[in-house]
Amino acid sequence: RGRDEIGLLFAQLNRAAARLGRARAAIDADRARLEEIVAERTRALREANVRLAAIDTERRRFFADVGHELRTPLTVILAETELNLVADPAPQDARTAFATIRTRAQRLNRRIDDILRVARSETGQIELRCEPFDLGEAALGALDDVEGVARRRRVAITPLIGPRPAVQGDRDWTRQVVAGFLENAIRLSPEDGRIRLDLAHNAGGGAVLSVTDEGPGIAAAERERIFERFARGADQRGNGFGVGLALARWVVERQSGRIEVRSPAPRPVGPDARGPGAEFRLCLPPACDRAAGPRKGGAT
């Protein structure tokens with residue numbers, strides 16, 4: 001209590017201690033509030049996780065139910081086509097029609113299997129196979145897929161398939177990608193239009209497949225946007241018979257390949273092409289010496 005130097009020093013220390021005490025009390029109050037907020041958020045997150053788990057369970061059940069509902073008529077269709085194919089005698093036209101129906105039903109059945117695998121997986125991801133396959137065979141299968149669509153629109157598709165290169169990837173998903181390219185080209189071609197399907201060895205190894213149309217082309221600003229999910233360009237590209245362009249790019253890149261788009265088409269379908277057209281190129285690496293197992297990706 002003295003007013004000498006010692007007394008003034010103690011007074012200063014007491015005031016500093018009081019300030020520190022008040023600061024400590026404020027910190028303790030903030031910490032308590034923070035812990036309360038963390039506890040509230042943790043409870044909310046736990047409740048959200050419970051709700052998400054319930055939603056995921058419902059999603060899996062829904063896909064299982066949808067798969068069952070789709071498989072039932074497909075099973076009947078396949079059985080009927082098999083019976084009619086073995087019927088004797090059967091007109092050749094009818095046998096051809098039933099064979100086509102059987103092939104389409106089998107492919108649809110495989111797509112249902114893909115959907116169910118994604119729905120049942122813990123990660124919700126597509127699994128792609130990584131094995132050598134004949135890209136020419138996949139391209140011709142895609143051409144067969146869209147034949148009816150092209151015939152209805154009176155669009156002629158000219159396949160220019162040279163040596164049948166073996167590439168590495170998933171045969172069935174690649175066929176779906178090529179079918180998507182073709183269906184987009186058909187939809188945007190004028191009536192009595194032409195499409196060219198080219199397949200050749202890539203100079204750097206592997207193979208390059210291109211689909212060229214004589215449609216209205218793609219503006220420079222749209223060339224990347226058409227590959228965005230849920231986006232469609234001004235020319236209405238993006239959702240094909242096989243898979244959409246966003247999923248197509250993902251499938252190809254997961255196979256160490258790439259998709260390129262050029263418009264106007266650098267090599268028109270003919271000297272009298274009725275539009276600037278567009279060219280979609282699919283490049284895949286060469287087949288490896290040994291096959292690998294499935295590859296998981298992030299597409300759902």
Side-chain angles (χ1 to χ4, degrees), residues 74 77 81 93 96-112 114 133-162 164 167 169-200 207-218 226-227 232-233 235-249 251-252 257 259-263 265 267-270 273-275 277-282 284:
L74 275 176
I77 291 171
T81 54
D93 290 346
T96 302
F98 282 120
T100 302
I101 293 170
R102 180 180 61 182
T103 302
R104 299 296 191 276
Q106 288 170 341
R107 287 174 179 168
L108 182 56
N109 209 23
R110 287 197 294 272
R111 291 282 67 77
I112 294 172
D114 290 332
F133 71 94
D134 184 339
L135 183 56
E137 181 183 343
L140 292 175
L143 186 59
D144 186 52
D145 284 345
V146 302
E147 181 184 2
V149 182
R151 191 166 54 249
R152 285 194 297 272
R153 287 189 56 85
R154 294 186 297 181
V155 174
I157 304 177
T158 303
L160 301 176
I161 299 178
R164 305 281 283 268
V167 295
D170 189 299
R171 179 201 315 267
D172 198 38
W173 276 103
T174 301
R175 181 186 60 77
Q176 292 288 316
V177 169
V178 178
F181 288 172
L182 289 169
E183 198 276 340
N184 278 329
I186 293 168
R187 186 171 62 247
L188 295 167
S189 294
E191 284 197 4
D192 301 315
R194 294 162 298 172
I195 296 171
R196 190 177 64 244
L197 173 64
D198 295 280
L199 176 62
V208 56
L209 180 148
S210 63
V211 175
T212 307
D213 61 56
E214 56 177 333
I218 308 171
I226 59 175
F227 290 100
R232 300 182 72 180
D235 64 356
Q236 298 301 298
R237 291 183 192 262
N239 291 304
F241 178 88
V243 294
L245 291 178
L247 182 55
R249 170 177 276 186
V251 166
V252 172
I259 290 178
E260 301 170 352
V261 56
R262 303 176 185 181
S263 184
R267 292 190 306 135
V269 295
R274 285 179 280 174
E279 178 189 78
F280 279 80
R281 289 165 55 91
L282 164 64
L284 287 176

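Just so it is clear, the values below take in all heavy atoms, side chains as well, and ignore hydrogens, waters and symmetry mates.
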> Quick one: OG on Ser210 to CZ on Arg281, what's the gap to the nearest 0.5 Å?
Replying inline: 6.5 Å
> Going from CG on Asn184 to CD1 on Ile186, what distance comes out if it is rounded to the nearest 0.5 angstrom?
Replying inline: 9.5 Å
> Looking at CD of Gln106 and OG1 of Thr81, how far apart are the two atoms once the value is rounded to the nearest 0.5 Å?
Replying inline: 7.5 Å
> Between Ile161, Thr174, Val178, which is the residue that forms a side chain to side chain contact (heavy atoms under 4.5 Å, CB included) with Leu209?
Replying inline: Val178
> Which heavy atom of Ala138 sits nearest a heavy atom of Phe133, and at what distance?
Replying inline: CB-CE1, 4.1 Å
> Val177 and Phe280: side-chain contact (heavy atoms from CB on, under 4.5 Å), yes or no, with the steps?
Replying inline: CA-CA 11 Å; Val177 169; Phe280 279 80; over 6 Å; no
> Can you list the steps and then say if Val208 with Leu282 is a side-chain contact (heavy atoms from CB on, under 4.5 Å)?
Replying inline: CA-CA 6 Å; Val208 56; Leu282 164 64; over 6 Å; no
>> side-chain contact (heavy atoms from CB on, under 4.5 Å), that's the test. Do Val252 and Trp173 meet it? Break it down for me.
In response: CA-CA 9 Å; Val252 172; Trp173 276 103; over 6 Å; no
> Shortest non-hydrogen contact from Ala179 to Ala142?
Replying inline: N-CB, 3.5 Å
>> Please report the interatomic distance CD(Gln176) to CD(Glu183), rounded to the nearest 0.5 Å.
In response: 11.5 Å
>> Main chain of Gly275, side chain of Glu214: is a donor-acceptor contact present, judged purely on distance under 3.5 Å?
In response: no
>> Any carboxylate oxygen within less than 4.0 angstrom of a Lys/Arg side-chain nitrogen, looking at Arg153 and Glu191?
In response: no
>> To check you understand the geometry: which heavy-atom pair defines the closest contact between Ile77 and Ala105, and what is its length?
In response: CG2-CB, 4.2 Å
> Got a second to check how far Ile195's CD1 is from Ser189's OG, nearest 0.5 Å?
Replying inline: 4.0 Å
>> For Asp213, is there an ion pair with Arg196 - N to carboxylate O distance below 4.0 angstrom?
In response: no
> What is the distance from atom CD1 of Ile157 to atom CZ of Arg151, rounded to the nearest 0.5 Å?
Replying inline: 11.0 Å
>> For a quick test of reading the model, state the closest non-hydrogen atom pair linking Thr212 to Val269 and the distance between them.
In response: O-CG1, 3.6 Å
> Which heavy-atom pair separates Ala278 from Ile218 by the least distance, and what is that distance?
Replying inline: CB-CD1, 4.0 Å
>> Run the side-chain contact (heavy atoms from CB on, under 4.5 Å) test on Leu197 and Leu160 for me, step by step, so that the C-alpha distance in whole Å, both residues' side-chain angles and the decisive distance to 0.1 Å come before the verdict.
In response: CA-CA 6 Å; Leu197 173 64; Leu160 301 176; over 6 Å; no
>> Given 3.5 Å as the limit, does a donor-acceptor pair link the side chain of Ser263 with the main chain of Gly217, or not?
In response: no
> Is the shortest distance from a Lys or Arg side-chain nitrogen in Glu137 or Arg175 to a carboxylate oxygen in the other one below 4.0 Å?
Replying inline: no
